[in-house]
Asks: 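I have a structure I would like to understand better, so I am pasting it below and will then ask my questions one at a time.
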Amino acid sequence: MRNIVLFGPPGAGKGTQSVLLVDHFGFVHLSTGDIFRANIKGGTELGKLAKSFLDSGQLVPDDVTIQILEDTANGHPEAKGFIFDGFPRTKAQAEALDRFLESKGQSITAMLALEVEEEELRQRLSKRAETSGRVDDADPLVIQKRIDVYNAETAPVAEHYKGQNKYQGIAGMGTIEDIFGRLSSALEGGV
Ligand code: ADP
């Protein structure tokens, strides 16, 4: 069983690559962003709580996020391995994920970190706004807020995995196929 953290700033291509990785390697994809958006759409209590955070580019509080991640993972006892996309986004989430997996006799195999320049991220997110319908893609100020939150709170999560010798940087520029090729090589190379 391999459990992968797919890491990178907003717009790095985590969602796009996750779809390909699921198809090719049979992981279960767990995206906290997708979970929150589905709850907002469905009008659940969680959705009501999460909406203002998503719309303004802030993080949903750790306790709420960790609980929903664990509940969703527990709903997939058949999983041969998970891709965690958009989680962990804080050090507290990374520590909680370690404890959660450890309680099941498992662990994170690797963090694959998509590396993309900031200017490219801004362009990709504005472009995605034309089709995604996402409030947080449509406003340049919210995009900037997400990048700032990433740099302040999420980028340090890489240190957590570097300390465990699990960090692997992947060039996130180029075509979708190029990037998928790099991720696949990392996974086939024994990650
Ligand atoms: P992106 O990486 O493109 O910004 P995501 O779909 O991963 O988008 O996340 C969208 C939003 O959902 C975030 O800006 C944040 O408000 C919320 N969110 C997603 N994952 C987390 C998390 N692990 N912790 C806190 N908030 C989260």
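Order of listing sets the numbers, starting from 1, for every ligand and every atom in it.
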Asks: Any idea which residues sit under 4.0 Å from ligand 1, heavy-atom distances?
Replies: P10, G11, K14, T32, G33, F36, R37, F53, L54, Q58, L59, V60, T65, G86, F87, R89, Q93, R128, R134, R146
Asks: Are side-chain N/O atoms of K104 and Q106 paired as donor and acceptor at under 3.5 Å?
Replies: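 No donor-acceptor contact under 3.5 Å links the two side chains.
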Asks: Would you call the rings of F7 and Y150 parallel, tilted or perpendicular, where under 30° means parallel and over 60° means perpendicular?
Replies: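 Ring orientation of F7 relative to Y150: tilted.
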Asks: Using the rule side chain to side chain contact (heavy atoms under 4.5 Å, CB included), only one of Q17, R182, E115 pairs with I170; which is it?
Replies: R182
Asks: Does one side chain, of N3 or T109, offer a donor that lies under 3.5 Å from an acceptor on the other?
Replies: no
Asks: Please enumerate all residues that pass ring-ring contact (aromatic ring centres under 6.0 Å, His included) together with Y167, with sequence neighbours excluded.
Replies: none
Asks: Does the Q144 side chain pair with the main chain of P140, one donor and one acceptor, at a distance under 3.5 Å?
Replies: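 Not a single qualifying donor-acceptor pair exists.
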